[in-house]
Amino acid sequence: MATTSRFALVDCNSFYVSCERVFRPELEDVPVVVLSNNDGCVIARSKEAKALGIKMGTPYFQVKDMMERERVEVFSSNYELYGDMSRRVVSTLSQFTPNLEIYSIDECFLDLSHLRPEEVEAYGHRIRHTVERWTGIPVSVGVACTKTLAKLANRLAKKRAKAKEVLALHTPAEIEEALRESSVKDVWGIGRQHAKRLEQLNVVTAWDLSRMPEGWVKKNMAVTGLRTLLELRGQPCQDLEPETPDRKNICTSRSFGRPLTELEDIAEALSTHTVRCATKLRRQNSCATGVTVFLMTNRFAVTENVYCNSRTIQLPRPTNSELELLSRAMHLLKNMFRPGKRYVKVGIILNDLVPASEVQLDLFSNQDGEKHKKLMSTLDTLRQRFGHHALKYAVQGNKNEKDVEEEKRAPWMLQKKFLSSPYTTSLKGLLRIKT
DNA sequence: TCTGGGGTCCTAGGACCC
DNA sequence: TCTGGGGTCCTAGGACCC
């Protein structure tokens with residue numbers, strides 16, 4: 001007899017906020033938000049901040065005054081910290097099952113099909129308590145027979161007070177109740193467009209959606225929509241994916257600290273992004289087949305001429321040499337740059353990645369390729385040891401992103417006014433934990 | 001003044017081929 | 001009246017996720 005599938009979705013509560021709180025316990029029960037890069041938008045909110053009506057994605061400047069009045073604690077995002085905490089959570093979860101999929105920085109799917117139904121609830125609570133005790137991060141657990149239903153159960157685990165952050169859906173009756181309680185726009189895979197369309201047809205709850213004819217869903221929401229429909233009905237269409245598949249594209253882009261008009265400044269930013277991007281590329285042992293560079297002015301400034309352009313080239317052969325990628329990127333940028341505009345963002349995308357092993361032969365047959373390969377692996381080692389800023393190209397400029405003082409920073413560098421200490425990665429941070 | 005930064009998958013339609 | 005009929009590949013754009 002085939003065992004029924006059972007997925008748990010473990011989701012960290014207000015993850016970025018929780019990470020900051022681990023090292024600032026006095027912020028428990030205080031409203032806290034974390035801002036996106038450049039201190040642009042609110043991207044994480046504590047319960048208390050949500051209660052103040054602060055919405056996800058709100059531009060910081062719109063709620064700044066209110067947050068000061070309400071004494072909301074504000075943090076710039078600190079991705080080194082969050083990445084590190086995320087790895088701790090995953091390593092704790094992997095004690096519970098080897099079959100685990102890292103879905104995002106704050107979510108994991110776990111395969112729990114080996115448990116008997118009556119064990120599931122208690123197991124969920126054990127997961128929750130262990131993660132909290134070992135890492136300081138509070139999590140919620142949703143369990144069901146499909147990933148889509150597990151996501152839904154997770155939402156309800158947070159929402160239903162009596163669930164105490166853990167909810168398992170077993171029987172058809174429990175599933176129906178959960179579906180009726182959930183709005184269609186909260187279903188995993190239903191975004192704004194589909195939700196709008198469905199609501200016009202009076203499909204308001206997840207239950208309504210689950211009653212829709214397959215033909216209509218296939219026609220209007222493609223096969224991904226059909227998968228969602230079937231999963232809501234309890235028919236698994238998506239397996240656990242324990243291995244993170246290699247990325248097919250890798251992108252590095254940032255807004256500037258303030259609008260830029262000079263090509264030289266933008267070139268500094270782009271070259272720095274390119275080096276980062278190439279480092280990510282080599283970390284997954286891939287080579288890029290194409291390069292795209294994009295450059296844009298402020299899309300919100302209706303009075304200015306909005307300029308948003310991108311250029312792509314195919315490389316003569318796949319490469320992961322940042323020397324070659326840098327020269328390509330700079331060339332694309334120069335072609336696209338128009339004087340007299342106020343630019344706010346530049347970025348690079350490395351396209352159609354292929355495994356480095358597949359182009360190895362070609363590299364060997366080419367002397368430059370072989371030299372580049374050795375140089376790149378030396379650079380990677382040195383940077384890993386001494387930090388990303390240890391080795392730079394002249395075109396990147398000589399300013400350091402780690403400098404906090406305004407005059408030591410290049411104009412393109414991000415604003416991070418509310419950055420917490422690098423608790424987990426520096427001596428200073430570690431000392432802070434002890435005190 | 002101030003509005004993030006990554007990714008994925010699917011489809012329609014055009015180009016091109018026999 | 002009726003304009004062949006498939007294939008495949010590529011790209012742009014749209015939808016979704018965190």
Side-chain angles (χ1 to χ4, degrees), chain A residues 9 11-12 14-16 33-44 55-65 67 74-79 82-83 86 101-109 147-148 151 154-155 184-198 217-228 237-238 241 244-259 269 273 276-277 280-281 284 289-290 292 294 296-304 306 310 312 314 342 344-353 411 414-418:
Chain A
L9 177 70
D11 178 309
C12 302
S14 313
F15 181 56
Y16 298 167
V33 302
V34 176
L35 303 178
S36 64
N37 265 332
N38 232 11
D39 297 337
C41 307
V42 174
I43 51 165
K55 298 268 181 291
M56 186 74 173
T58 313
Y60 172 55
F61 72 91
Q62 285 177 7
V63 283
K64 184 165 178 268
D65 292 346
M67 293 206 294
V74 179
F75 289 92
S76 300
S77 38
N78 183 345
Y79 287 104
Y82 311 149
S86 175
E101 171 185 339
I102 302 170
Y103 176 66
S104 76
I105 193 164
D106 67 337
E107 288 173 63
C108 279
F109 283 107
K147 282 178 157 183
T148 306
K151 285 279 269 186
N154 189 287
R155 278 189 78 90
V184 73
K185 62 175 190 295
D186 294 335
V187 172
W188 187 42
I190 305 298
R192 271 225 297 282
Q193 300 305 316
H194 288 326
K196 207 168 115 194
R197 181 93 194 269
L198 288 164
V217 172
K218 171 88 195 291
K219 180 153 176 283
N220 293 282
M221 299 163 66
V223 297
T224 41
L226 186 59
R227 274 202 284 270
T228 299
C237 302
Q238 306 179 72
E241 285 167 30
T244 35
D246 279 352
R247 303 251 167 270
K248 296 171 182 171
N249 304 288
I250 296 181
C251 170
T252 303
S253 78
R254 296 282 182 279
S255 303
F256 306 131
R258 55 179 157 86
H273 300 341
R276 281 263 156 111
C277 208
K280 293 190 218 169
L281 178 69
Q284 85 160 30
T289 321
T292 300
F294 59 90
M296 53 181 80
T297 60
N298 190 348
R299 65 187 194 281
F300 298 102
V302 279
T303 50
E304 287 177 40
V306 178
S310 78
T312 302
Q314 294 304 307
R342 288 156 48 82
V344 301
K345 184 177 183 177
V346 72
I348 179 167
I349 308 171
L350 302 177
N351 302 308
D352 304 320
L353 311 186
L414 293 174
Q415 306 225 14
K416 279 185 187 272
K417 286 195 188 145
F418 317 102

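Below, chains carry the letters A, B, ... as their sequence lines are ordered, and counting in each starts from 1. Only heavy atoms go into these numbers, but all of them, side chains included; no hydrogens, no water, no symmetry mates.
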Please pick, from [options], the nucleotide with the shortest atom-to-atom distance to any side-chain atom of [X].
{"X": "A:Arg247", "options": "B:dT11, B:dG5, B:dG7", "result": "B:dG7"}
{"X": "A:Glu107", "options": "B:dT8, C:dC18, B:dC10", "result": "C:dC18"}
{"X": "A:Ser104", "options": "C:dC18, B:dT8, B:dT11", "result": "C:dC18"}
{"X": "A:Pro259", "options": "C:dC18, B:dC2, B:dC10", "result": "B:dC2"}
{"X": "A:His194", "options": "B:dG4, C:dC18, C:dC16", "result": "C:dC16"}
{"X": "A:Asn37", "options": "B:dG5, B:dC2, B:dC9", "result": "B:dG5"}
{"X": "A:Phe61", "options": "B:dC10, B:dC2, B:dG7", "result": "B:dC2"}
{"X": "A:Asp106", "options": "C:dC18, B:dG4, B:dG7", "result": "C:dC18"}

For [X], report the nucleic acid contact type (base, sugar-phosphate, nothing); a contact means any heavy atom under 4.0 Å.
{"X": "A:Lys280", "result": "sugar-phosphate"}
{"X": "A:Phe300", "result": "base"}
{"X": "A:Arg258", "result": "nothing"}
{"X": "A:Ile105", "result": "nothing"}
{"X": "A:Ile190", "result": "sugar-phosphate"}
{"X": "A:Gln415", "result": "nothing"}
{"X": "A:Asn38", "result": "nothing"}
{"X": "A:Val187", "result": "sugar-phosphate"}
{"X": "A:Thr252", "result": "sugar-phosphate"}
{"X": "A:Lys218", "result": "nothing"}
{"X": "A:Lys345", "result": "sugar-phosphate"}
{"X": "A:Asp39", "result": "nothing"}

Task: Rounded distance [0.5 Å steps], OG in A:Ser76 versus CG in A:Asn78 - done: 9.0 Å

Task: Separation of A:Leu35 CG from A:Met67 CE (nearest 0.5 Å) - done: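 Answer rounded to 0.5 Å: 6.0 Å.
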
Task: A:Tyr82 and A:Tyr16 aromatic ring geometry - parallel, tilted or perpendicular at 30°/60° bounds - done: parallel

Whole-Å gap separating [atom2] ([N]) and [atom1] ([X]):
{"X": "A:Gln193", "N": "B:dC10", "atom1": "CD", "atom2": "C1'", "answer": "15 Å"}
{"X": "A:Met221", "N": "B:dT11", "atom1": "CE", "atom2": "P", "answer": "12 Å"}
{"X": "A:Leu350", "N": "B:dT8", "atom1": "CG", "atom2": "P", "answer": "12 Å"}
{"X": "A:Lys248", "N": "B:dC10", "atom1": "NZ", "atom2": "P", "answer": "9 Å"}
{"X": "A:Ile43", "N": "B:dG5", "atom1": "CD1", "atom2": "P", "answer": "10 Å"}
{"X": "A:Phe256", "N": "B:dG4", "atom1": "CZ", "atom2": "C1'", "answer": "14 Å"}
{"X": "A:Leu35", "N": "B:dG4", "atom1": "CG", "atom2": "P", "answer": "11 Å"}

Task: 5' priority, DNA chain B, between A:Arg342 and A:Thr224 [closest heavy atom] - done: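 Upstream on the strand: A:Arg342.
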
Phosphate-side-chain proximity, [X] and [N], N/O vs OP1/OP2 below 4.0 Å:
{"X": "A:Ser255", "N": "B:dT3", "answer": "no"}
{"X": "A:Ser77", "N": "B:dG4", "answer": "no"}
{"X": "A:Arg299", "N": "B:dG4", "answer": "yes"}
{"X": "A:Lys151", "N": "C:dC17", "answer": "no"}
{"X": "A:Arg227", "N": "B:dC9", "answer": "no"}

- [ ] Answer yes or no: is there a donor N or O on one side and an acceptor on the other, between the side chain of A:Glu107 and the main chain of A:Asp11, under 3.5 Å?
- [x] no

- [ ] Answer yes or no: is there a donor N or O on one side and an acceptor on the other, between the side chain of A:Asp352 and the main chain of A:Thr289, under 3.5 Å?
- [x] no

Open item on the list: Is A:Tyr103 stacked against the base of C:dC18, taking the criterion as centroid distance under 5.5 angstrom and interplanar angle under 30°?
Closed with: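 According to the criterion (under 5.5 Å, under 30°), no, A:Tyr103 does not stack.
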
Open item on the list: Less than 3.5 Å apart, any donor N or O on the side chain of A:Ser255 or A:Asn37 sitting next to an acceptor on the other?
Closed with: no

TODO: Would you indicate whether A:Leu353, at its atom CG, is surrounded by more than 12 heavy atoms from other residues, nucleotides or ligands within a distance under 6.0 Å?
DONE: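 It does: A:Leu353 CG has more than 12 such atoms within range.
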
